[in-house]
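What follows is one structure encoded as structure tokens, with my remarks underneath.
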There are 2 protein chains.
Amino acid sequence: MNNRELDKKLSLRKIKPTAVRELVLKVLTEEKKAVSLSDLEHKFDYADKSTLYRTLKTFEEKKLIHSIDDGSGTLKYAVCHDSCECNPNDLHVHFYCTRCKQTFCLNEVSIPTVNLPVGFSLESVTMVVKGVCSNCRKG
Amino acid sequence: MNNRELDKKLSLRKIKPTAVRELVLKVLTEEKKAVSLSDLEHKFDYADKSTLYRTLKTFEEKKLIHSIDDGSGTLKYAVCHDSCECNPNDLHVHFYCTRCKQTFCLNEVSIPTVNLPVGFSLESVTMVVKGVCSNCRKG
DNA sequence: AGGGTAATTGCAACCGGGTTGCATTACAAA
DNA sequence: TTTGTAATGCAACCCGGTTGCAATTACCCT
């Protein structure tokens, strides 16, 4: 993905394009797996942790990416699809592979509806499946 | 719940009963909400953090309690039902109230089955619903 | 182009949950 | 009572996440 495309993606979400933001978005879009803050730190030796942190926060706020708590203790991030507003019906299942320790979006697997007890209201749902991914099972 | 009952619960899970363990289990069984390590620290000024930590770990290992990652950043714990082996079919949905910041087991709400893409195997599933609990909606 | 303002970035330090090593104490078996 | 093992307490550490502040950069207006 070239810079013009990246800038367009940023602008669509009302995020001012900067060099760091382009690079972070590039990594996030090109990675098949969800990416953590420390992943980014290691990818860009020159960029500061807090800059990267704030970049992720900005992206998340503007719904360019969503965060994933896969239970590993470190938050991961992945790009939202273009029309995503992070509403309950935009949500999908995430998968954590216990072998390669990577986390993926299962974009095609939406979260089943759940019947709450009376009196409970629903704002959002997270669903994380742990197991072994197809790649690791093959290998 | 008296000490004899607590000891029995511990022994059933092959955990040697000690004073600290009785107290921790007592708190865990009497609380309606899931309890964090720091919750325990504040409840027992005298008991050491690492002792409480190791107590929770022991309980979890022996499947007397299960841990809940509700996305708040701090792990919570709740007692398992007597016959629980923490298998996929023992799992239930957890609820995090965004108003009172408390986490509950919805023991009666089991986790729906989910269709994984081909090649993926399933070991466990976590499902956390965020919203407002019935208590907070009444108030 | 130049000046002023706001946003972004970098640095350093901090915070809190989780975790570990090691010394001490309690307990149980011989 | 002695001896070995498990539990506890204390201190320190690790790491992800977060913040304050200063330095830099981008942007807008004239």
Side-chain angles (χ1 to χ4, degrees), chain A residues 3 6-7 10-11 13-27 33-62 64-78 96 101-103 128, chain B residues 3 6-7 10-11 13-27 33-62 64-78 96 101-103 128:
Chain A
N3 281 14
L6 292 168
D7 283 6
L10 290 168
S11 302
R13 296 290 187 168
K14 309 249 190 297
I15 302 165
K16 197 197 295 181
T18 68
V20 174
R21 286 171 182 173
E22 282 167 8
L23 284 167
V24 171
L25 180 55
K26 194 171 157 65
V27 169
K33 65 184 182 87
V35 172
S36 71
L37 174 56
S38 75
D39 288 341
L40 290 178
E41 275 185 83
H42 293 113
K43 274 249 195 273
F44 313 118
D45 288 344
Y46 58 90
D48 185 72
K49 182 183 168 189
S50 61
T51 301
L52 296 170
Y53 169 76
R54 284 189 271 239
T55 300
L56 290 171
K57 282 294 171 193
T58 303
F59 284 7
E60 190 182 14
E61 216 167 90
K62 299 299 177 64
L64 178 58
I65 65 176
H66 60 277
S67 65
I68 306 153
D69 185 341
D70 59 13
S72 70
T74 59
L75 275 181
K76 311 272 166 56
Y77 298 87
Y96 176 78
K101 317 289 185 208
Q102 295 191 352
T103 302
V128 179
Chain B
N3 282 15
L6 293 168
D7 284 5
L10 291 168
S11 303
R13 295 289 186 168
K14 308 251 190 295
I15 302 165
K16 196 197 295 180
T18 69
V20 173
R21 288 171 179 173
E22 282 168 6
L23 285 166
V24 171
L25 180 54
K26 194 172 157 65
V27 168
K33 65 182 181 88
V35 172
S36 71
L37 174 57
S38 74
D39 287 341
L40 290 178
E41 276 186 83
H42 293 112
K43 275 248 193 278
F44 312 119
D45 288 345
Y46 59 91
D48 185 71
K49 183 182 167 189
S50 61
T51 302
L52 297 171
Y53 168 76
R54 284 189 269 237
T55 301
L56 290 171
K57 283 294 172 194
T58 303
F59 284 7
E60 190 183 13
E61 215 167 90
K62 299 300 177 66
L64 178 58
I65 65 177
H66 59 277
S67 64
I68 306 153
D69 185 341
D70 59 13
S72 70
T74 58
L75 276 182
K76 311 271 166 54
Y77 298 86
Y96 175 79
K101 318 288 185 209
Q102 295 191 352
T103 302
V128 178

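Reminder, nothing fancy here: chain letters follow the sequence lines and each chain counts from 1. Note that the structure is a prediction, hence the values are computed from the model and not measured.
Between Leu56(A) and Leu40(A) the shortest side-chain heavy-atom distance falls below 4.5 Å.
Residue-level contact check: Lys76(B) touches neither bases nor backbone, having no heavy atom under 4.0 Å from any strand. Looking at heavy-atom distances under 4.0 Å, Thr74(A) makes contact with sugar-phosphate atoms alone, never a base.
In secondary-structure terms, DNA chain D builds stems of at least 3 consecutive Watson-Crick or G-U pairs, each pair having both distances under 3.5 Å, at C:1-30 with D:1-30.
In this structure Phe44(B) satisfies the ring-ring contact (aromatic ring centres under 6.0 Å, His included) test together with Tyr46(B), sequence neighbours excluded. For Glu41(A), the side-chain contact (heavy atoms from CB on, under 4.5 Å) partners at least two apart in sequence or on another chain are Leu37(A), Ser38(A), Lys49(A), Leu52(A). Taking the salt bridge (Lys or Arg N to Asp or Glu O under 4.0 Å) definition, one finds that Arg13(A) meets it with Glu85(A), sequence neighbours left out. When the side-chain contact (heavy atoms from CB on, under 4.5 Å) test is applied to Thr74(B), the partners found at least two apart in sequence or on another chain are Ser72(B), Lys76(B). Contacts of Asp7(B) classified as salt bridge (Lys or Arg N to Asp or Glu O under 4.0 Å), with partners at least two apart in sequence or in another chain: none. Every side-chain contact (heavy atoms from CB on, under 4.5 Å) that Lys16(A) has, sequence neighbours left out, goes to Arg21(A). By the side-chain contact (heavy atoms from CB on, under 4.5 Å) test, Lys43(A) is found to be paired with Val27(A), Glu31(A), residues two or more places apart in sequence or in another chain being considered.
Per the geometry, NZ belonging to Lys62(B) stands 8 Å off P belonging to dA7(D), to the nearest Å. Atom CG in Leu56(B) sits about 11 Å away from atom P in dT19(C), given to the nearest Å. Taking atom CG of residue Asp69(A) and atom P of nucleotide dG18(C), one finds them 12 Å apart after rounding to whole Å. Asp70(A) has its CG atom 13 Å from the P atom of dG16(D), to the nearest Å. Note: CG (Leu52(B)) to C1' (dA7(D)) measures 13 Å, nearest angstrom. Atom CG of Asp45(A) is separated from atom C1' of dC11(C) by 16 Å (rounded to the nearest Å). With rounding to whole Å, Glu61(B) atom CD is found 11 Å from dA7(D) atom P. Counting to the nearest Å, the C1' atom of dT8(D) and the CD atom of Glu41(B) are 15 Å from each other.
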Which pairs, protein N/O on one side and nucleotides 19-26 of chain D N/O on the other, fall under 3.5 Å?
residue	atom	partner	partner atom	Å
dG20(D)	O6	Arg54(A)	NH2	3.2

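Remark: side-chain polar atoms of Lys14(B) are not paired, donor with acceptor, to backbone N or O of Lys62(B) under 3.5 angstrom.
In this model, the phosphate group of dG17(D) is not approached by any side-chain N or O of Lys57(A) to a distance below 4.0 Å at OP1 or OP2. An OP1 or OP2 oxygen of dT8(D) is reached within less than 4.0 angstrom by a side-chain nitrogen or oxygen of Thr18(B).
Taking 3.5 Å as the limit, the base of dG10(C) and the side chain of Lys49(A) contain no donor-acceptor pair of atoms between them.
Nearest to the side chain of Leu37(A), among dA7(D), dG18(C), dG17(D), sits dG17(D).
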